[in-house]
Amino acid sequence: MTTFPKAAVIGNPISHSLSPKLHKHWLARYGISGDYVALQVTEDALEQTIRDLPGQGFVGINVTLPHKVNVLQFADQISDRATLIGAANTLTFREDGQILADNTDGYGFMANVKQYAPTWDPKSGPAAIFGAGGAARAIIVSLANAGAPEILLSNRTRNKAEALRAEFGPRIKVVDWVHAGDMLETATTVVNTTSLGMTGAAEFKVSLDALQPGTVVNDIIYNPLRTAFLNKAEAAGCVVVDGLGMLLHQGVPGFERWFGRRPEVDEEVRQAVLA
Ligand code: NAP
């Protein structure tokens, strides 16, 4: 019997995930015999699932909510960036039985903004981040590594932002949610990492009046692709970047490790995933 490598995305819920479309597109495009499936996994079944998958021909998995933190306990090796972020979204099952954990969300964020705002320089001024959840952690680590001189951080629940400042240091300045719009006066990079503006969620209501023309503005939401947040930023003369490219780029390191070919992120794959 011929076997071919398989990968999966695990989460709960999982039916909304675009990762199967992404990886299946790349497999077909590069003529690689392999498969990529979505698996709904409850917290109770997490450990057994991870232990069983390598024996079933799986070479790795992407991990999404709510398992990104919990999977770290099953890893034999954890990359520096996953350690810093405190969560993993990519596991690789090695032939020797070892499990490697990585976090490629921050990489995906950086690669996306660089691709669609090619002149972007994270060192050029403060970055303003709305939200202090899991995605914000990865983005803060990446921006700090890329030399952002100051990271202004505002979250509805202020103590979560304070906790990130305590962890990642004084380069982070916490701004109260009622004054979140003030961050835009000096920011040269602006990122919405809250779920506000996502289909089915509440609207993003913070005033964007202080946005400066030329600022690079990214919404990591990709459903819808064009959020009201991005439309307002574009009307203010900002360079806007949607969230789909972050999802596409975060998949690159896993695909390369599992299937042996570094895949491209371009218009063709965007359209394939949106179809
Ligand atoms: P999370 O850990 O649950 O964090 C959610 C964030 O949204 C928190 O900061 C939360 O504030 C804020 N929020 C939620 N409802 C709010 C409201 N009504 N008013 C103000 N703030 C509110 O989620 P996550 O994993 O970071 O994901 C956040 C968003 O990013 C989601 O829309 C997700 O789909 C998207 N995302 C995109 C990518 C990509 O590849 N493009 C990757 C990861 C995530 P509190 O702390 O006050 O609750």
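In what follows, every heavy atom counts, from backbone to side chain, and hydrogens, waters and symmetry copies are set aside. Order of listing sets the numbers, starting from 1, for every ligand and every atom in it.
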Open item on the list: For Trp26 and His23, take the angle between the two ring planes, folded into 0 to 90°, and tell me which bin it lands in: parallel under 30, tilted 30 to 60, perpendicular over 60.
Closed with: perpendicular
TODO: Would you list the pairs meeting ring pair (Phe, Tyr, Trp, His ring centres under 6.0 Å) in which at least one residue belongs to residues 184-208, sequence neighbours left out?
DONE: Phe130-Phe204, Phe204-Phe229
Open item on the list: I'd like to know if the side chain of Asn62 pairs up with that of Ser19 as donor and acceptor (distance under 3.5 Å, no hydrogens or angles considered).
Closed with: no
TODO: List, by chain and then residue number, the residues other than Val178 in its hydrophobic cluster (Ile/Leu/Val/Met/Phe/Trp/Tyr, side-chain heavy atoms under 4.5 Å); write none if there are no others.
DONE: none
Determine all donor-acceptor pairs shorter than 3.5 Å in which one atom belongs to a side chain in residues 230-252; sequence neighbours excluded.
residue : atom : partner : partner atom : Å
Asn231  : OD1  : Arg226  : NH1          : 3.3
Glu234  : OE1  : Arg226  : NH1          : 3.2
Glu234  : OE2  : Arg226  : NH2          : 3.4
Asp242  : OD1  : Leu244  : N            : 3.0
Asp242  : OD1  : Arg270  : NH1          : 3.3
Asp242  : OD2  : Arg270  : NH2          : 2.8
His249  : NE2  : Gln115  : OE1          : 2.6
Gln250  : OE1  : Asn89   : ND2          : 3.1
Gln250  : NE2  : Leu247  : O            : 2.9

N/O to N/O under 3.5 Å, ligand 1 against protein:
residue  : atom   : partner : partner atom : Å
ligand 1 : 2 (O)  : Gly134  : N            : 2.9
ligand 1 : 7 (O)  : Ser195  : N            : 3.3
ligand 1 : 9 (O)  : Ala132  : N            : 3.0
ligand 1 : 9 (O)  : Asn155  : OD1          : 2.6
ligand 1 : 11 (O) : Asn155  : OD1          : 3.2
ligand 1 : 18 (N) : Arg156  : NH1          : 3.2
ligand 1 : 26 (O) : Gly134  : N            : 3.2
ligand 1 : 26 (O) : Ala135  : N            : 2.8
ligand 1 : 40 (O) : Leu247  : N            : 3.2
ligand 1 : 41 (N) : Ile220  : O            : 2.8
ligand 1 : 41 (N) : Gly243  : O            : 3.0
ligand 1 : 46 (O) : Asn155  : ND2          : 2.9
ligand 1 : 46 (O) : Lys160  : NZ           : 2.7
ligand 1 : 47 (O) : Arg156  : NE           : 3.0
ligand 1 : 47 (O) : Thr157  : N            : 3.0
ligand 1 : 47 (O) : Thr157  : OG1          : 2.5
ligand 1 : 48 (O) : Arg156  : NH2          : 2.9

Task: Between Thr199 and Asn223: side-chain donor-acceptor atoms closer than 3.5 Å - done: yes
